[in-house]
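Everything on this sheet refers to the single structure shown next.
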Amino acid sequence: MPPTLASLVHHSALKLTVRAGEDRLDVPVRWAHVSELADPVPYMEGGELLLITALKLDAENPEAMRRYVRRLVGAGVVGLGFAVGVNYEDIPEALVDAAAEEDLPLLEVPRRTPFLAISKAVSAAIAADQYRAVTAGFAAQRELTKQALTDGPEGLLAALASQVNGWAALYDASGAVVATAPEWAGRRAARLTADVERLRERPAPASSVVGGPEHEDRVELHTLGTGRRPRAALAVGTAAAPGTAERYAVHSAIALLTLTTERSRSLHAAEQRVGAAVLRMLLAGEPDHARAVAGDLYGDLLDAPFRVIVAEAASVSAARVVDSGARVALTKASAAVLVAAAEVNGDPLGALTEVVESAAARAGEAVLVVPEGEGEAARVVVLAADEGAAVAACADYAAALEAARAGAGPEGRAGADEEELVVGLSAPAGPIAAAAAYKQAEQALSVARRRGRVCVEHEQLAAGSVLPLLADDAVKAFADGLLRALHEHDATGRGDLVASLRAWLSRHGQWDAAAADLGVHRHTLRYRMRRVEEILGRSLDDADVRMELWLALKATSAE
């Protein structure tokens, strides 16, 4: 405890006597200061015990003393020490009455007690309090370190909550609650998710205080991690502002959790290398070897149907970026991943990885994430449990980005150097069919890229139509080249070969039905089809030729 006026009054060597303000002696004293100025207020910081002899004061003037004492109270002076036997044999009644009116503690200092003795006593008490705080802080650091080594972050949080006589919570990179101590603090911690998300938008390291006297507790939020983007956050709830010893404990917890976070990143990198080896074996058709390498790390993932996700960042001429303030009216999970996407500025693959891994961690699922390539060729391959949290988070993320792009106006568009995420998702598969699932994801990725979509599932392709794929410029160019000679023939007015070919193919080569559609005799239609063969130099008896011509007609008619 810091020194108080009461502790100075009870100091046997000082012999101080209380003349006013007896009920305010428990106020802490920050320092003892001597000043004979008629107005010492400009030199006060608050919390001082002011020592005077009234050398320049009209101490017997009631009005002057009321003004003097009122000024001292307004400046935060906690007590006034008056030396008797120097300029006055006793404390003037005017000063005693003024101090009593303002409830300012007034201490009588005997002549044999020098002001220096009071200053030394205050200084010694402050030093002793600081020493106790530092000692307690080091003890707390040792206890926190012990708990971190033996019980991990959960044990550290429990020790921290005990040290600050409050509660503590740990949040992951997405702002979700990972652990709390005590357990009853879980609901309080969950209510601060939005505050944690706002804190993560600020440059790291960052901290903020939530709540105050009108709230049930005071909560400090701190980001964790050494990188530009925080990897986690810590919340510490207390009834009042932490003291020096509690502050040491909080800072020790931040340092230890940061070390744990950075260590986790190193372990994560090692896990990614194992995951890359498992993926290579699966794609090479060696599921048994893949299971052996996966072990307990990814073994559960290979025991049930999984999905393959392939994602890349595609540069576009008018990319639309997500504004962190532009929340879309989606599910809570979608809003959270939209925030994450906004925070990973210029790194859409990093945003997807963070969203998927955080969702899997919260659900206790195994997820295999393998970065591939570098620069413009960079992509991410993910193996996640079918119908699991990671796949659902990926879908929510894609939906949030789609909605944000659709609602972005000109002010929401960025320059050509921005990148947008493109994702392909396979159908459910097992380890034996991993290579096929990977190919499905790549096919879905290609379609998503062509259609300007964020995410396409392979099952959507199987349930849809191939015709939208014909909108590709390369397909249209092929179709124009294949049919150009027929269009040039028709332009001379010597027949309608293109329409006749379309009718004949749509009727699967049935002469009478196709001729009826065209309103011509079947012999006329036969003549036209022979002209088509002569002009193109290809036989309509060839099924491949009929297929190419039909697709070319569909591609050109879609324009």
Side-chain angles (χ1 to χ4, degrees), residues 1-57 59 65-83 91 95-96 98-110 113-137 164-165 209 211-213 218 220 238-251:
M1 286 289 294
T4 62
L5 294 175
S7 66
L8 296 177
V9 170
H10 294 135
H11 196 295
S12 59
L14 299 180
K15 309 295 184 183
L16 303 179
T17 303
V18 181
R19 298 292 301 275
E22 293 86 352
D23 57 344
R24 296 286 304 278
L25 297 180
D26 59 344
V27 178
V29 178
R30 290 182 55 196
W31 198 247
H33 181 67
V34 180
S35 176
E36 298 292 356
L37 294 175
D39 183 14
V41 167
Y43 306 98
M44 299 291 105
E45 294 182 351
E48 296 92 354
L49 169 63
L50 181 63
L51 303 175
I52 65 173
T53 64
L55 180 64
K56 296 183 178 180
L57 292 178
M65 288 301 96
R66 279 194 290 269
R67 289 195 303 269
Y68 178 75
V69 171
R70 195 176 297 120
R71 288 272 292 164
L72 296 183
V73 172
V77 173
V78 298
L80 183 63
F82 192 99
I91 302 179
L95 180 55
V96 174
E101 289 177 8
E102 295 294 335
D103 203 19
L104 175 68
L106 176 61
L107 306 182
E108 180 180 306
V109 182
T113 301
F115 285 167
L116 182 60
I118 300 175
S119 297
K120 284 184 175 181
V122 171
S123 178
I126 292 175
D129 181 64
Q130 290 177 342
Y131 177 77
R132 285 191 297 270
V134 171
T135 302
V164 301
N165 193 26
V209 177
R218 175 187 184 275
E220 289 188 4
T238 53
T244 304
E246 291 80 8
R247 181 67 57 201
Y248 270 107
V250 171
H251 287 302

Subject >> Heavy-atom pair of closest approach, residues Ser35 and Ile52 >> reply: O-CG2, 3.2 Å
Original post:
Taking all non-hydrogen atoms of both residues, which atom of Ala100 and which atom of Ala20 are closest, and how far apart?
Top reply: N-CB, 4.0 Å
Subject >> Side chain Arg71, main chain Asp39, donor-acceptor under 3.5 Å >> reply: no
Original post:
Looking only at heavy atoms, what is the nearest atom pair of Thr113 and Ala13, with distance?
Top reply: OG1-O, 4.3 Å
Original post:
Heavy-atom distance under 4.5 Å between the side chains of Thr4 and Val27, does that happen here?
Top reply: no
Original post:
Is the backbone of Ala128 close enough, under 3.5 Å, to the side chain of Gln130 for a donor and an acceptor to pair up by distance?
Top reply: no
Original post:
Counting distance only, does the side-chain N/O of Glu36 pair as donor-acceptor with the main-chain N or O of Lys56 below 3.5 Å?
Top reply: no
**OP:** Output yes when Glu108 and Lys15 qualify as a salt bridge under the 4.0 Å nitrogen-oxygen rule, no when they do not.
**Re:** no
Original post:
Looking only at heavy atoms, which two atoms of Phe82 and Thr53 are closest? And how far apart?
Top reply: CZ-O, 4.2 Å
Original post:
Under a 4.0 Å N-O cut-off, is there an ion pair linking Glu22 with Arg24?
Top reply: no
Original post:
Side-chain contact, heavy-atom cut-off 4.5 Å: Val164 with Pro242?
Top reply: no
Original post:
Should Pro40 and Leu72 count as side-chain neighbours, where that means a heavy-atom distance under 4.5 Å?
Top reply: yes
Subject >> Shortest non-hydrogen contact from Ala32 toward Leu51 >> reply: CB-CD1, 4.4 Å
Original post:
Taking all atoms of both residues into account, what is the closest heavy-atom pair of Ala75 and Val41, and its distance?
Top reply: CB-CG1, 3.7 Å
Original post:
Does any non-hydrogen side-chain atom of Trp31 lie less than 4.5 Å from one of Ser123?
Top reply: yes
**OP:** For residues Arg247 and Glu220, determine if any side-chain heavy atom of one lies less than 4.5 Å from a side-chain heavy atom of the other.
**Re:** yes
Subject >> Side-chain heavy atoms of Val109 within contact of Ile118, under 4.5 Å >> reply: yes
Subject >> Test applied, side chain to side chain contact (heavy atoms under 4.5 Å, CB included); reference residue, Leu107; option that passes from Leu16, Thr17, Leu14 >> reply: Leu16
Subject >> Salt bridge present between Arg70 and Glu102 (N-O < 4.0 angstrom) >> reply: yes
Subject >> Close side-chain approach of Val78 and Leu104, heavy atoms under 4.5 Å >> reply: no
**OP:** Would you indicate whether the side-chain heavy atoms of Leu57 and Tyr68 approach each other to under 4.5 Å?
**Re:** yes
Original post:
Is it true that the side chains of Thr238 and Glu246 contain a donor and an acceptor less than 3.5 Å apart?
Top reply: no
**OP:** Evaluate side-chain contact (heavy atoms from CB on, under 4.5 Å) for Leu95 paired with Val69, printing each intermediate quantity in order.
**Re:** CA-CA 8 Å; Leu95 180 55; Val69 171; 3.8 Å; yes
